[in-house]
Amino acid sequence: MLKAIILIGGPMKGTRFRPLSLELPKPLFPVAGFPVIYHHIEACSKLSDLREIILIGFYQPNDALNKFISQSQVEFQVQIRYLQEYSGLGTAGGLYHFRDQIMTGGPEMFFVMNADVCGDFPLQDMLDSHRALPSSAICTVLATEATRQQSLTYGCIVENKDTHEILHYVEKPETFVSTTINCGIYLFTPEIFQPLEVAFKKNLEENYSFDYQVPSKEVIRLEQDVFLPMAATATLFVFHTSQFWSQIKSAGAAIYANRHYLAIYKRTHPERLTLNSEGKPKITGDVFIHPSAQVHPTAVLGPNVTIGRNVTVGEGVRVRESIILEGATLQDHCCILHSIIGWHSTVGFWTRVEGTPNDPNPNKPFAKLEIPSMFTEDGRLNPSITVIGSSVQVPSEVIILNSIVLPHKDLSGCYKNQIIL
């Protein structure tokens, strides 16, 4: 019997995802027509022995999360529960805190997935690989390749190439260690709770204070506190993937993930992609249109476009490399490029909303998506995709370029490289 745990974080996380995470918890943001963690749950549901999926985070229970869990349980016919941490406990603190819940039913193994990654998750292959390892194996880490420079921003793995045992692990090293990086997807046996307990007690001992005004620190970081001492003990192994994988740390990363999930649909869910047909809009490349959306047949969509629930797309509209969220209205002849249009926002007639893509360098093998800082050293906004928050009114015949618009704004003119508060 297997279980899966998805670490969804909390409201203090996802600051680089604002203003989109102001309206909805980041793990529920729709990418390729479905919430980010829907793709995790769908991948887990394909495992034949899976009996339960547990979401761990410190979001307050809310209607959006409860509704998502209820609908997903019905769709995938698997039990899904949300366990709320009393505070942010780190990537391993929640696992240790809820260890009894995780071990209920006696699972043989359990997956742990970070919610802020996306990809074509090879969970069954990981499982098969782990079962072929020596009996001492406690954890298999999913890994992929990065460039030498980009590897410095990830957890780096040094392995025995023959046995795939992890000999050395460093989280975000200052100098080059390895181009093999941690993907934030793990497979554990129940024996993992022993090193978790050691890390928890060590952390508590080092940080304990008798001052009642200082809260005790119960944060356990899986990568630094657990993997580091486990390396080179014949308990920690790596499984390589060459399939699509990326982090979702920013709105630009959501556009990038949207493109790749739509491409995956061609193999896994071709029925989700819209095709060209008479009386329908012109489709270029991969496009997802929600059945409730109203799209004028003269519109041109794609490549890599998601049109959400109850969206209205007017005559002659052009949309490319963008996500249009629920209830938005694109009025006649507007043009949306490399942008996210927020819930229930309106873009006026003949208006152009455009952002700057931040794709990996296609000439560098294994290059990953860069997440640049929001501002340059001289205080200017770095060019990025344009994000229109929820319930924003964009007037007709204006240009919005490389800008971020917070919710509930009525714009009055053109904007370039600005944050509109």
Side-chain angles (χ1 to χ4, degrees), residues 13-14 16-17 31-32 36 39 91 113-122 125-126 129 139-186 221-224 227-228 231-232 236-264 303-304 321 338 355-377 381-385 402:
K13 304 293 184 183
R16 285 180 284 184
F17 212 71
V31 172
V36 170
H39 300 286
T91 45
M113 310 174 76
N114 283 293
D116 64 352
V117 300
C118 59
D120 196 359
F121 304 120
D125 293 339
M126 275 183 79
S129 169
C139 171
T140 293
V141 178
L142 184 66
T144 190
E145 290 292 309
T147 64
R148 284 178 67 98
Q149 187 60 38
Q150 287 182 322
S151 69
L152 304 181
T153 59
Y154 296 93
C156 293
I157 294 167
V158 178
E159 64 166 318
N160 179 321
K161 296 291 184 185
D162 297 325
T163 64
H164 301 297
E165 182 193 348
I166 295 177
L167 303 176
H168 186 48
Y169 184 90
V170 188
E171 185 68 21
K172 295 176 181 162
E174 293 184 9
T175 57
F176 174 72
V177 172
S178 167
T179 56
T180 303
I181 61 167
N182 177 2
C183 290
I185 308 288
Y186 314 109
R221 302 164 304 173
L222 191 59
E223 297 80 8
Q224 292 97 321
F227 288 167
L228 208 59
L236 194 60
F237 291 81
V238 65
F239 178 80
H240 288 267
T241 181
S242 57
Q243 295 170 194
F244 161 64
W245 175 88
S246 183
Q247 292 181 321
I248 303 185
K249 298 283 190 185
S250 66
I255 292 283
Y256 181 68
N258 183 66
R259 178 195 309 167
H260 284 278
Y261 273 134
L262 290 174
I264 290 170
N304 309 319
E321 296 280 356
H338 302 285
T356 299
N358 183 39
D359 294 344
N361 186 340
N363 298 316
K364 284 188 178 179
F366 312 119
K368 298 287 177 276
L369 186 75
E370 296 271 4
I371 311 285
S373 58
M374 185 169 282
F375 298 100
T376 60
E377 290 181 0
L381 191 66
N382 255 325
S384 65
I385 72 156
N402 298 339

query: Less than 6.0 Å separating the ring centroids of Y186 and F227?
result: yes
- request: Could you check E159 against T180 for side chain to side chain donor-acceptor pair (under 3.5 Å), going step by step and ending with a plain yes or no?
  value: CA-CA 9 Å; E159 64 166 318; T180 303; 4.6 Å; no
message: Check for me whether the distance between the ring centres of H39 and Y261 falls short of 6.0 Å.
response: yes
statement: dist N304:CG -> I255:CD1 (nearest 0.5 Å) comes out at 9.5 Å
task: Using atom types as modelled and distance alone, determine if a side-chain donor or acceptor of T91 lies under 3.5 Å from a backbone N or O of L222.
output: yes
message: Measuring from atom CG of N182 to atom CG of N114, what distance do you get when rounded to the nearest 0.5 angstrom?
response: 8.0 Å
- request: Find the distance between OG1 (T241) and CG (L142) and round it off to the nearest 0.5 Å.
  value: 5.5 Å
query: Can you tell me if W245 uses its side chain to pair, donor with acceptor, with the backbone of V117 under 3.5 Å?
result: no
query: Side-chain donor-acceptor pair under 3.5 Å between H338 and E321, yes or no?
result: no
- request: Hey, could you give me the CD1/CE distance between I185 and M126, rounded to the nearest 0.5 Å?
  value: 7.5 Å
- prompt: Could you go step by step and tell me if E165 and N160 meet the side chain to side chain donor-acceptor pair (under 3.5 Å) rule?
  reply: CA-CA 5 Å; E165 182 193 348; N160 179 321; 5.5 Å; no
query: When the aromatic ring centroids of F237 and H164 are compared, is their separation below 6.0 Å?
result: no
